[in-house]
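Worksheet: one structure, shown below.
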2 protein chains.
Amino acid sequence: MLDTPNSSTLAHTATSDSPDFSVPIVLGMIGLGTVGTGVYKILSRRTDLVFHQIAVRSLKKERDLPGLDSERLTDNAKSIVSDPAIQVVIEVMGGVDEARPLVIEAFKNGKHVITANKELIAKHGAELFDLAKARNVRLMFEGAVAAGIPIIMPLKLSLAANNILEIAGILNGTTNYMLTQMAEENWNYEEALLQAQKKGFAEADPTSDVGGHDAAYKISILASIAFKKRIDMKHVYCKGITSVTATDIQLAESLGYTIKLIGLCRQAEAGQLDIRVHPVLVEHDHPLASIKNENNAIWIKGDAVGDVMFYGKGAGEMPTASAVCADLLAVTTDLHKGNDPIPSMEIETTGFANILPVTETKNKYFVRLHTADHPGVIGLIGTACGEFGVSLESIVQHGIHEEDGTASIVFITHELAEKQMLKALDKIKADPAIQKLGCVLRIL
Amino acid sequence: MLDTPNSSTLAHTATSDSPDFSVPIVLGMIGLGTVGTGVYKILSRRTDLVFHQIAVRSLKKERDLPGLDSERLTDNAKSIVSDPAIQVVIEVMGGVDEARPLVIEAFKNGKHVITANKELIAKHGAELFDLAKARNVRLMFEGAVAAGIPIIMPLKLSLAANNILEIAGILNGTTNYMLTQMAEENWNYEEALLQAQKKGFAEADPTSDVGGHDAAYKISILASIAFKKRIDMKHVYCKGITSVTATDIQLAESLGYTIKLIGLCRQAEAGQLDIRVHPVLVEHDHPLASIKNENNAIWIKGDAVGDVMFYGKGAGEMPTASAVCADLLAVTTDLHKGNDPIPSMEIETTGFANILPVTETKNKYFVRLHTADHPGVIGLIGTACGEFGVSLESIVQHGIHEEDGTASIVFITHELAEKQMLKALDKIKADPAIQKLGCVLRIL
């Protein structure tokens with residue numbers, strides 16, 4: 001697989017008149033970590049694609065990759081994006097500060113870029129797509145959302161005849177594994193995180209996963225495709241799972257709900273976009289409720305297709321490499337054919353989305369309170385809710401906490417504006433009979 | 001939307017040097033039934049695509065479609081495929097005998113064809129794809145499998161870097177609705193069929209659905225893409241749900257399984273393809289077990305991506321129109337850009353698949369027997385099974401049938417060759433203590 005490109009390879013360009021599939025496409029790759037290794041393994045089956053150079057952090061690291069010629073490795077990533085032999089650059093180094101200027105330089109040198117870098121696309125997609133378009137090269141990123149689960153291309157092409165009404169996704173495998181285990185094994189948050197780290201799902205610093213940022217990058221990318229608007233990440237409400245307790249999960253289950261970390265995006269009124277990441281209660285019979293452990297799923301509602309869902313592993317060496325290589329094959333097929341860049345893979349936006357503040361959103365709520373165990377408390381909650389137009393669907397007292405003699409009261413509301421809910425909660429919290437606000441979660 | 005194409009439209013061909021998206025693409029449609037009406041509704045939003053002619057069965061039928069100019073309707077379908085103004089033909093009439101010569105004629109006249117006709121593609125795909133390739137026109141068929149659920153394009157493009165190992169699909173909404181209702185409402189087959197007909201899911205003649213033929217067309221199409229082989233429908237084993245009883249469903253549920261009609265295709269040993277349609281028991285925690293009512297789902301195992309699943313409505317006016325229009329937009333984008341036909345949408349096969357006879361397949365089995373209620377029966381079954389190498393996973397006696405005093409015995413086997421299972425069943429049936437063989441089902 002690692003051949004020196006010959007002159008006929010170099011002469012083969014996108015404007016060739018007679019496509020010749022026997023002439024290999026010359027690749028450079030930046031990064032040979034988890035995903036890069038997977039890409040290398042898949043491509044080692046093929047003879048129509050050759051790696052000219054692969055940039056690595058350390059040339060000294062032992063790598064057990066069959067056929068890997070150490071002369072093809074470099075620790076100078078810049079040489080990949082400037083090498084005239086290379087037609088397509090695969091960026092799988094991750095991060096933004098180093099990756100962004102390399103991708104920009106690759107575009108300036110007329111190279112197509114394939115990336116699985118969600119943070120790069122979410123934060124700098126607009127700039128990068130504009131630049132790729134200006135240079136008539138491709139920027140492909142199927143691996144940036146939900147790894148190998150086909151989602152970018154289906155959303156952009158297969159659902160193109162739809163107005164997308166809503167997307168709700170389980171977009172982070174680490175947190176879904178943790179929430180599943182907290183529900184099934186009754187583990188607390190710390191135990192679940194430790195197990196996720198032991199299994200290799202969670203990083204030593206799990207902030208991006210458990211804080212919801214990883215999911216926020218992904219839902220922002222999907223939203224920009226579905227709603228054709230640039231998303232300013234600063235305005236995407238993002239709350240992770242760090243305050244979700246096993247108690248809340250068990251109570252939610254007993255009421256017919258599963259707690260999931262969801263990336264959500266839907267058309268709100270007056271052209272605003274409701275986009276956010278936070279834990280939600282999902283009804284047991286919703287397709288997303290059955291997505292367990294480290295799996296991902298994206299549920300999409302279109303005005304023609306109705307509800308569709310895409311499910312699979314959302315991370316890992318081979319699943320992510322599957323997506324990167326699919327992008328690569330799409331690009332190389334077009335290069336061989338002399339086709340124009342696949343227009344559908346560009347994110348074409350019409351300016352920034354007007355994002356609805358989360359306080360303006362409407363939701364159903366699940367609220368857990370610790371109260372003194374006396375008969376008036378349910379009346380007190382009902383009265384406070386009524387005062388602020390909060391209509392209750394159910395209210396249940398869930399036994400006495402032995403440690404402090406308080407009772408848990410759980411109530412579920414009908415749909416209402418978040419700011420009303422906050423006012424009612426302020427009133428409830430202020431009452432001396434309420435010891436503590438345990439948990440407030442939105443319901444999908 | 002229904003405009004007379006002007007000369008600039010006619011002059012716009014795939015080889016145009018300067019793509020002009022303001023020049024509309026001229027369409028003809030054959031059929032204005034359920035799917036055709038959906039396509040008309042979606043396209044009535046657009047100005048870049050104009051219907052030149054639509055062929056209908058009867059010009060006298062009242063049609064409540066806004067903007068539909070009756071002068072655009074014809075009852076002569078041949079005029080659509082021969083009209084020089086028409087660039088793309090949408091075939092949504094269904095059936096094979098009339099549709100096939102029309103599609104062939106369209107290709108001969110240099111027109112691209114979009115169809116949702118699963119029977120046409122399954123039976124005559126090889127001939128049609130060869131012809132389309134020879135004429136350098138496109139044949140698109142996303143709507144032929146699972147309606148609007150993106151599956152043809154994702155399988156062909158997004159999973160292109162994978163060796164596909166297995167596909168298992170709930171590909172027929174009618175039978176999945178019936179099986180769901182038989183499980184949840186304890187209806188018998190006849191009640192379930194009647195309700196499916198009342199809801200409009202089942203035709204007056206339900207043979208293609210309940211006999212499994214509809215699912216067989218669809219799994220054959222998916223198999224031809226995934227395994228790059230032509231599938232001779234004559235060799236695809238196909239058994240429907242007509243003999244599945246509510247009793248079997250309830251017994252299977254009690255053992256942790258749901259009964260589903262599945263289209264299955266996987267690589268067998270020695271290059272053979274194991275492809276078939278029949279009811280199977282699916283373990284409750286398999287993603288396919290949770291697919292209820294008229295929904296479809298396709299579960300795919302790839303060597304890189306692992307397991308992925310695609311879920312949604314598999315039939316209906318707007319879901320199917322969503323797929324047809326997605327194909328149309330892909331074709332028209334390429335026409336505007338002057339790109340070569342999307343190569344990936346052709347089914348490129350390397351000859352006919354060598355299909356494994358169902359008697360040579362290996363499965364786990366669920367068997368229900370009626371026996372005289374005496375203590376030796378379980379021993380008898382165990383001995384007969386042992387003689388033919390049938391290893392039992394479990395065997396349970398399920399009470400006495402009041403009407404005839406027989407007992408139901410259910411056993412589940414480990415995986416074994418079907419021919420061994422048949423021999424053991426012959427031996428068991430021959431014993432006078434066995435009154436009747438109730439049901440034999442394979443387990444996924």
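Here is how names work: the chains are called A, B, and so on, in the same order as the sequence lines, proteins then strands, and each is numbered from 1.
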Exercise for review: Starting at NZ of A:Lys313, measure out to CG of B:Asp307 and round the result to the nearest 0.5 Å.
Suggested key: 6.5 Å

Revision key, fill the gap. Interatomic distance, CG@B:Asp327 vs OG@A:Ser158, rounded to 0.5 Å, equals 8.5 Å

Check your understanding: With distance as the sole test, does A:Arg46 use its side chain to make a donor-acceptor pair with the main-chain N or O of B:Ala161 at under 3.5 Å?
Key -> no

**Study point:** For A:Ala304, all residues meeting side chain to side chain contact (heavy atoms under 4.5 Å, CB included), sequence neighbours excluded
**Key:** A:Asn162, B:Ile42, B:Met318, B:Ser322

Review point. By ring-ring contact (aromatic ring centres under 6.0 Å, His included), which residues pair with A:Tyr257, not counting sequence neighbours?
Key: none

Study note, to complete from the structure: Sorted by chain and residue number, the side chain to side chain contact (heavy atoms under 4.5 Å, CB included) partners of A:Lys199 (sequence neighbours excluded) come out as A:Tyr177, A:Phe201

**Study point:** From A:Phe310 atom CZ to B:Phe310 atom CZ, the distance as rounded to the nearest 0.5 Å
**Key:** 7.0 Å

Review point. Is any side-chain N of the basic residue among A:Asp303 and B:Lys41 closer than 4.0 Å to the acidic one's carboxylate O?
Key: no

**Study point:** Residues of residues 285-299 of chain A within contact distance of chain B, non-hydrogen under 4.5 Å
**Key:** A:Pro287, A:Ser290

Exercise for review: Measure across A:Gly148 and B:Leu159 and return the closest heavy-atom pair with its distance rounded to 0.1 Å.
Suggested key: O-CD2, 4.1 Å

Study note, to complete from the structure: Between A:Ile149 and B:Val305 the two heavy atoms that sit nearest each other are N-CG2, 4.3 Å

